[in-house]
Every structure is written in structure tokens, then in C-alpha cells.
2 protein chains.
Amino acid sequence: MELGPTGKAILGTLSFGPKTGYEIKSMVDRSTRFFWAASYGQIYPELRRLADAGLIEGTDAPQGGRQRKEYRLTGAGHEALLRWLDSPPETYEMRHEGMLKVFFAGGLEPAGQVQRLRDMAEQHRRKVSALREVEEAAGKSPDSLPYLVLRFGIESNEWIADWCEREAAARWNRVAAPRT
Amino acid sequence: MELGPTGKAILGTLSFGPKTGYEIKSMVDRSTRFFWAASYGQIYPELRRLADAGLIEGTDAPQGGRQRKEYRLTGAGHEALLRWLDSPPETYEMRHEGMLKVFFAGGLEPAGQVQRLRDMAEQHRRKVSALREVEEAAGKSPDSLPYLVLRFGIESNEWIADWCEREAAARWNRVAAPRT
DNA sequence: ATTCTCATGTAATTGGTTACATGATTGC
DNA sequence: GCAATCATGTAACCAATTACATGAGAAT
């Protein structure tokens with residue numbers, strides 16, 4: 001069976017233990033979201049498909065009168081996860097509107113061009129803050145891979161923000177300042 | 001009129017001069033593709049929509065018996081582009097399967113975990129090579145924004161590759177080597 | 001002759017978000 | 001009593017890729 005994008009995230013998340021669709025969503029939001037998102041509209045239908053394919057198993061586990069279905073990996077699901085993990089990656093895509101604006105910003109005045117770079121810097125700084133909050137809430141665990149990935153998020157966004165600020169300053173000096 | 005993702009790329013590309021759908025595609029592939037892609041299946045229908053909305057204008061410009069339609073910005077299109085350019089960015093998304101694998105790689109042996117990091121490094125090194133080829137073909141033009149963005153692609157992918165190699169080495173020393 | 005590049009377009013499918021509908025439990 | 005959180009799910013819509021169908025001109 002071919003694993004779709006959201007299926008990969010679900011199997012991976014369930015490898016940390018049984019979860020409901022709701023819990024999967026909130027775990028994804030707190031961890032992989034900045035490079036691999038998933039919405040309810042993808043998660044619930046995909047849970048059903050994975051269950052039909054025998055990779056996960058759902059059991060009713062209501063709390064009080066509250067409907068609740070917990071899913072866990074089956075043997076086949078665990079194998080599928082390992083097969084996927086143990087192969088080189090394929091997908092790497094980006095949609096970065098800030099960069100696109102910089103690319104086409106030649107029609108703006110120098111101040112506007114520089115502003116687009118600063119916007120980008122700010123956007124990435126905000127991302128750093130958000131990830132740092134996750135870090136504080138979850139605590140630092142130097143050997144864990146999820147923590148490694150979190151650090152990647154923090155450090156890469158920091159690098160990008162620094163880069164944008166550096167280039168904004170350089171551009172301001174070269175292009176705008178000499179005219180004024 | 002709300003500008004869709006591909007519409008933004010089209011208007012921007014046309015701001016460098018009139019182009020056919022085919023030319024737009026190949027320009028995007030050589031420039032914004034690494035952070036903003038577009039396929040024929042998006043471009044041609046979008047060209048029609050933009051023309052219907054009066055933002056671009058298409059004129060038949062066949063070469064010999066070869067069908068060919070050249071589009072250029074209208075006044076309204078130019079304004080729409082500036083309006084979009086002159087506002088802070090929204091979209092910033094990633095789909096990074098390599099990172100996702102690292103995140104869930106705890107079930108692999110240490111050698112496998114490290115290998116996933118090295119895979120990522122290699123993937124980003126390849127991206128650097130591809131972008132460097134673009135750089136050589138196009139030449140360096142220090143003041144141009146498209147060139148600035150290209151440098152961003154090269155330098156950021158280099159940073160990521162370095163990061164992955166550094167972390168792969170660190171992890172190998174801490175986790176794997178002590179055991180052997 | 002054959003392949004490559006230029007050129008336009010559509011159809012099928014996949015992937016994804018957003019908004020909606022519904023309802024129970026918990027904490028203030 | 002009310003808001004927040006837990007919980008499941010669907011429908012409408014939007015975005016995008018892939019593959020296909022077609023054909024001319026240029027280069028080898």
C-alpha cells in the first residue's frame with residue numbers, strides 16, 4: 001500500500017502510542033506543523049483508510065458519554081512505517097510568499113524593497129518565538145529526535161531572519177542611502 | 001479581485017515583459033521554482049482567468065504556422081501587482097519529508113537515524129548544485145533582486161546541509177560510537 | 001528521418017483547507 | 001450558566017500535479 005502524505009504523519013505519530021484523531025491533530029500542531037501540517041479534513045478520512053488497509057486499529061474508548069476512538073498501529077502498520085522510514089526522502093517543497101515578493105519587488109521604491117526583506121525577517125522571528133514556546137513547554141531533551149527537529153526549526157528560522165536583516169541593511173546602504 | 005497563488009507568479013513574471021504561457025513556465029522553473037512552483041495545469045487556466053478579469057491581455061503572435069499567444073500586463077494588472085507587492089506576506093509553508101523521517105526515526109537503529117540526516121544533507125547539497133548552475137548560466141548581478149533570491153536559495157540550502165552533517169556527526173559520536 | 005524544443009490546452013486525480021454540524025465534559 | 005476544551009465527522013471548495021492529446025519548427 002502506498003502511504004499518502006497525511007498517512008505518513010499519522011503512522012509516525014501513533015508510533016509514540018495510541019491516540020485519537022483529535023490528539024493526533026494537536027500533537028502534529030505542536031511538533032511537525034512547521035514543516036508537515038495536517039487538518040481534520042485530512043486526518044479523519046485517512047484514519048478510516050489506514051484502518052481499512054489494516055495498518056491501524058481503532059477501538060472505542062469513550063470517556064463518560066463522550067464519543068472517543070483510539071487508534072494504534074498494527075504489526076503491518078509498524079512494518080509500513082519502518083519501510084517508509086528506511087528509505088531516502090522524496091518530497092521537499094516550499095511556498096514562500098515573502099521571497100516571491102522580494103523577487104518581484106523591483107517595481108517598488110528602494111524603501112519598499114527593503115521593507116519586504118524586513119517583513120520576511122519579522123515573519124521568521126515570530127516563527128522562532130512560537131517554536132521557543134514549544135521548547136519551553138516540552139522541555140529540552142538533548143538525545144530525542146523530535147527535539148533535534150525542533151532545534152532545526154528554531155535555528156533555521158533564526159538563520160533566515162538574520163540573513164534577511166543583513167541583506168536589508170546592505171541593500172539600504174548600497175541602493176537607497178547614496179541617493180538621499 | 002483576489003489573486004490566487006499562481007496568479008501572483010504570473011503577474012510578477014509578466015512585469016519583466018510580455019511572455020507566452022510556455023515562457024512563463026520555463027522562467028518560473030529557472031527562478032522561483034525552489035520556493036514557488038507552477039505547472040501548465042495551473043498556468044493556462046489562470047492566464048484565461050486573469051485575462052477575463054482584465055489584469056492581462058493576450059495577443060496572437062504566431063511564429064510561422066506555430067500557434068503562439070503572448071500576454072502582457074494591463075494597467076489594472078500592474079496596479080494589482082503593486083497592491084500585492086506592497087503588503088506584508090502571508091503564505092509560508094513547507095513539506096519536508098526528510099525532516100519528518102528524522103522526527104520519527106527513533107524506531108530505527110542509530111546508524112539508520114544518522115543516515116536519515118545524511119540523506120537530508122545530500123538532498124540539500126544537490127539543490128545547491130542545481131542553483132549554482134542557474135547562477136552560472138544567468139551570471140551574477142549584485143543589485144538585482146532575482147539574484148538576491150537566488151543567493152538566498154544557495155546559501156540557505158548550504159546552511160541546512162551543513163547543519164545536517166554537523167548533527168549527524170554529533171549524534172554518531174554521542175549515540176552510536178559509545179556502544180561499539 | 002528523428003529528436004528536441006516551442007507551444008497550447010484539458011481531464012483525471014490527489015491533496016488540502018475551511019467552514020460547518022453536533023455534542024459531551026471541565027473549569028470558572 | 002458560560003466558555004473552553006475534547007471529540008468526530010462531512011461538504012464545498014481550492015490548488016496542484018500528472019498524464020495525455022496535438023502539432024509546428026529547428027537541429028542533427
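Residue numbering restarts at 1 for every chain, and letters A, B, ... go by the order of the sequence lines.
When distances run from any side-chain atom of B:Arg66 to the nucleotides D:dG9, D:dG25, C:dT8, the shortest one goes to D:dG25. Here D:dA7 is the nucleotide among D:dA7, C:dG9, C:dG16 with the atom lying nearest to any side-chain atom of A:Tyr44. Comparing D:dA7, C:dT8, C:dG15 by their nearest atom to the side chain of A:Pro5 picks out C:dG15. The side chain of B:Thr20 approaches C:dT8 more closely than any other nucleotide in the set C:dT8, D:dA16, C:dC6.
Rounded to an integer number of Å, the gap from B:Leu47 CG to D:dA15 C1' is 16 Å. A straight line from CH2 of B:Trp36 to C1' of D:dA16 spans 12 Å, rounded to a whole angstrom. The nearest whole Å value for the distance from the CZ atom in A:Arg68 to the C1' atom in C:dT22 is 18 Å. Between the CD atom of B:Glu90 and the C1' atom of C:dT17 there is a distance of 15 Å, rounded to whole Å. Whole-Å rounding puts the A:Ile43 CD1 to D:dC6 P distance at 15 Å. The nearest whole Å value for the distance from the NZ atom in A:Lys25 to the C1' atom in C:dA19 is 13 Å. The CD atom of B:Glu93 sits 10 Å away from the P atom of C:dG16 (whole-angstrom rounding). Atom C1' of nucleotide C:dG15 and atom CD of A:Glu2 are separated by 15 Å, given to the nearest angstrom.
We find that A:Arg49 and A:Glu46 are joined by a salt bridge, their nearest charged nitrogen and carboxylate oxygen being less than 4.0 Å apart. No salt bridge links B:Arg171 with A:Asp143; every basic N to acidic carboxylate O contact stays at or beyond 4.0 Å.
Taking side-chain N and O atoms only, A:Thr6 has a distance below 4.0 Å to OP1 or OP2 of C:dG16. Note on B:Tyr40: every side-chain N or O is 4.0 Å or more away from OP1 and OP2 of C:dG9. An OP1 or OP2 oxygen of C:dT8 is reached within less than 4.0 angstrom by no side-chain nitrogen or oxygen of B:Tyr22. A sub-4.0 Å separation between OP1 or OP2 of C:dG16 and a side-chain N or O of A:Gln42 is present.
Two residues, A:Gly65 and A:Ala38, neighbour DNA chain C, and the one matched to the more 5' nucleotide by heavy-atom proximity is A:Ala38. Both A:Ser39 and A:Gln67 lie close to DNA chain C; mapped to their nearest nucleotides by heavy-atom distance, the more 5′-ward contact belongs to A:Ser39.
The minimum heavy-atom distance between A:Phe103 and B:Ser31, with the atom names listed, is CZ-CB, 3.4 Å. Contact record, B:Val102 with B:Met120: CG2-SD, 4.3 Å, taken as the closest heavy-atom pair.
In this structure, A:Gly41 reaches the bases: a heavy-atom distance under 4.0 Å links it to at least one base atom across the strands shown.
In this pair, B:Phe16 and A:Phe104 present their aromatic rings tilted. The plane angle is within the 30 to 60° band.
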